[in-house]
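See structure below.
Just so it is clear, the model here is predicted, and its values are computed rather than measured. Within every chain, numbering begins at 1; the chains are lettered A, B, ... in the order of the sequence lines, protein sequences first and strands thereafter.
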2 protein chains.
Amino acid sequence: MTVTLADVAARAQVSPATVSRVLNGNYPVAATTRERVLRAVDELDYVLNGPASALAAATSDLVGILVNDIADPFFGIMASAIQSEIGGPGGRAGGERLAVVCNTGGSPERELTYLTLLQRQRAAAVVLTGGAVEDAPHAAAVASKLRKLADAGTKVVLCGRPPAPDTGAIALTFDNRGGGRELTEHLIGLGHRRLGYIAGPEERTTTRHRLEGHRAALEAHGIEEDARWTVYGRYDRQSGYEATLELLRRDPSLTAVVAANDSVALGACAALRDSGLRIPDDVSVAGFDDLPFSIDAVPSLTTVRLPLAEAGARAGRIAMGREEAPPGGIATIRGELMVRGSSGGPRG
Amino acid sequence: MTVTLADVAARAQVSPATVSRVLNGNYPVAATTRERVLRAVDELDYVLNGPASALAAATSDLVGILVNDIADPFFGIMASAIQSEIGGPGGRAGGERLAVVCNTGGSPERELTYLTLLQRQRAAAVVLTGGAVEDAPHAAAVASKLRKLADAGTKVVLCGRPPAPDTGAIALTFDNRGGGRELTEHLIGLGHRRLGYIAGPEERTTTRHRLEGHRAALEAHGIEEDARWTVYGRYDRQSGYEATLELLRRDPSLTAVVAANDSVALGACAALRDSGLRIPDDVSVAGFDDLPFSIDAVPSLTTVRLPLAEAGARAGRIAMGREEAPPGGIATIRGELMVRGSSGGPRG
DNA sequence: AGCGTCACAGCAAGCGCTTTCTATGTCATA
DNA sequence: TATGACATAGAAAGCGCTTGCTGTGACGCT
């Protein structure tokens, strides 16, 4: 039924070995023979059997990309960049690799299961994007999995994720703390003294780091934080909306709201508007990430730009061995403060 | 070095066959034996060799999802929904399947290459999302590929894509024409008579269908279209920005701008604002898709909501054989007009 | 008591490919 | 002309798993 290497070999009047060599192009084959084989391949419409070849060669051309939420452009942009460097079809790299994007939905179990699945497929490389969960047992489980992958020859790269010591994984980490600090300092510089903070899910490293930066800025300027000023939520618009209403309820005198990311910030803007407050006249708003839509908000969003595409591309190249790993296997990528219309001096 | 089935078998004092059966659970194995095997698996930290198993069983648990642009939430949302039904880790389905998202970047060649790669991996199913390219040779090549995939037992589902006759592919198509028409009729109903249209890439089916709907509405209301009122571009914000400036240059008296999708519409809004025009007082704007950010635009965007998540979920279920295919293998999914702040009566 | 049934477990034959090693013909060199 | 050296091609041994078929006791039945 299905055409095999042997069929091609028969048709081209050569041995299967020769066909394999033509297809893999890593062994001298006379031009005329090669052409004959290629013609047979074409005529029979032969397609290599991936599993068989992976089994025999003990390698695979699968590259896994783990993301928390594929519907979120934050991850989409990174995944896209990673993939373009993986050299899937059309990429620069020679060999065709199948870049597979796996959506963990932020669930630790799924993350682990996907890693196992990739291990099972003997993936050539794995790139994990986005923050990690701080749950100790899970972190240990992931670390052990990563070590096993690395030991089995799979290249492991973390993109926008804190380093995983002793796992052999290369880490490109975002400086969430520094960005958070810079952002809040900008607001403080404008004169704000009462700032609400809408954090992401409490157990995520990204959440904690950004919040730490925010608090560091407050502290550096002698602003004592009110416990009511922080609300935890999810990394989405709705969460931002609800959290903002909650903040307003807790302390209507807030003059600025700092959000965990841009989506949350947009939700915050909507809530403020719905509460009859003007941005930035009454309340300033700041986001994080600088996703494409942030510039289209009205007023456009003050935020911290993370070079997602660049980081992804670099992660992809490292995963493919086309770029050297940073010294120590760890690189910190800084964000850039983007001051736009959503932030201004406090009212009055 | 690496642990194999045989190692587990030796440790559990059973034959490899038994271990395989325990792992696949499709053959009676005594409870005590099973437990012994499972313990050995655990102790040895055994991970099945995917390629070997796929080769021997002549099936794979890979499911491919093709998207045009993974950084675009339009595709991200569908991919996410498809994947959740595929039953990757955490999904409802029992068997663990690896859902792989492939980013074609809208390139026909890449699309074809990815299909071949998936064919090579003997994918269990393939879901193609988004519009197709209208280039005849390419369409034929894709159709032939789809037929081969279907013949080889791979389930092929099109989600948000026009049907591919005689390929055995199930199609869930968006009613882009109907949506486009409804949208423009809404604007005409408001009193607009001079409407600019910012189309997507000319060679895409989605572009053509939406534009056809727009024109049908114009015609139905006896509005003669000016050739200057249509500009082609890409499906992104920047394209919308530039196209709007171009439209304004060509005919400053336009009172409404209809965009190929929401991202383009946002770009249009930005261009209008930068040109000193108010929305909708001076010019109304309409988008398409109703992506999450559209409601956050100021004013919020009038658009056509496409049930991306629902369609994706359905496509996923069909691909898994957990839902029956629609009669005739084709279902048309309608959009819903969402009237919001960006559209109003023409000035004056 | 004799024998068919049933529930398990093992044997062994591949699945379709890669790759090492070996064979063969062709040259250039001595 | 004899002889390496070299360029190619083939034979064959797996890669690690699945599965059809073949045992083999333990049971229940007449």
Side-chain angles (χ1 to χ4, degrees), chain A residues 1-38 40-41 44-62 95-96 117 119-124 152-153, chain B residues 1-38 40-41 44-62 95-96 117 119-124 152-153:
Chain A
M1 189 68 236
T2 76
V3 184
T4 72
L5 235 211
D7 298 330
V8 176
R11 172 137 196 154
Q13 317 233 55
V14 296
S15 73
T18 302
V19 177
S20 170
R21 300 204 257 246
V22 168
L23 263 25
N24 292 297
N26 48 15
Y27 190 87
V29 174
T32 63
T33 313
R34 170 195 314 285
E35 198 167 318
R36 200 143 35 87
V37 170
L38 256 17
V41 165
L44 294 177
D45 223 358
Y46 171 69
V47 176
L48 193 69
N49 182 315
S53 131
L55 172 58
T59 64
S60 121
D61 48 9
L62 223 63
E96 270 161 11
L117 239 36
Q119 182 184 9
R120 174 176 302 180
Q121 299 297 332
R122 307 300 190 248
Chain B
M1 191 65 234
T2 77
V3 184
T4 73
L5 235 212
D7 298 331
V8 175
R11 172 136 195 156
Q13 317 234 54
V14 296
S15 73
T18 301
V19 177
S20 170
R21 301 205 254 246
V22 167
L23 261 25
N24 291 295
N26 48 14
Y27 190 88
V29 173
T32 62
T33 313
R34 170 195 316 285
E35 197 167 320
R36 200 142 36 87
V37 169
L38 257 17
V41 165
L44 295 177
D45 224 355
Y46 171 68
V47 175
L48 193 68
N49 182 316
S53 133
L55 171 59
T59 65
S60 121
D61 49 9
L62 224 62
E96 271 160 12
L117 238 36
Q119 183 184 9
R120 173 177 302 182
Q121 299 297 330
R122 306 299 188 252

> Start at the 5' end of DNA chain D and walk down; is the nucleotide closest to N26(B) or to N49(B) reached first?
Replying inline: N49(B)
>> Rounding to an integer number of Å, can you tell me how far N24(B) CG sits from dT19(D) P?
In response: 7 Å
>> Whole angstroms only, please: what is the CG-P distance between L55(B) and dA13(C)?
In response: 17 Å
> Which residue, A52(B) or T32(A), contacts DNA chain D at a nucleotide closer to its 5' end, judged by nearest heavy atom?
Replying inline: T32(A)
>> Please give me the minimum heavy-atom distance between D7(A) and T2(A), naming the atom from each residue.
In response: OD2-O, 3.8 Å
> Using a cut-off of 4.0 Å on non-hydrogen atoms, how would the nucleic acid contact of A58(B) be classed: base, sugar-phosphate, or nothing?
Replying inline: nothing
> Which one, dA9(C), dG16(D), dA9(D), comes nearest to the side chain of T4(B)?
Replying inline: dG16(D)
>> Side chain of L5(A), heavy atoms from C-beta onward: which of dT18(C), dT8(D), dC17(D) has the nearest atom to it?
In response: dT18(C)
> Which pair of heavy atoms, one from V8(B) and one from V37(B), lies closest together, and at what distance?
Replying inline: CG1-O, 4.2 Å
> Donor-acceptor pair under 3.5 Å: do we get one between R21(A)'s side chain and the base of dT20(C)?
Replying inline: yes
> T33(A) has a side chain; which of dA9(D), dG10(C), dT19(D) sits nearest to it?
Replying inline: dA9(D)
>> Can you tell me which nucleotide in dG16(D), dA9(C), dT19(C) comes closest to the side chain of A57(A)?
In response: dT19(C)
>> Is there, by distance only and without an angle test, a donor paired with an acceptor across the side chain of Y27(B) and the base of dA7(C) below 3.5 Å?
In response: no
> Can you tell me if R120(B) uses its side chain to pair, donor with acceptor, with the backbone of V47(A) under 3.5 Å?
Replying inline: no
> Heavy-atom distance under 4.5 Å between the side chains of Q121(B) and D61(A), does that happen here?
Replying inline: yes
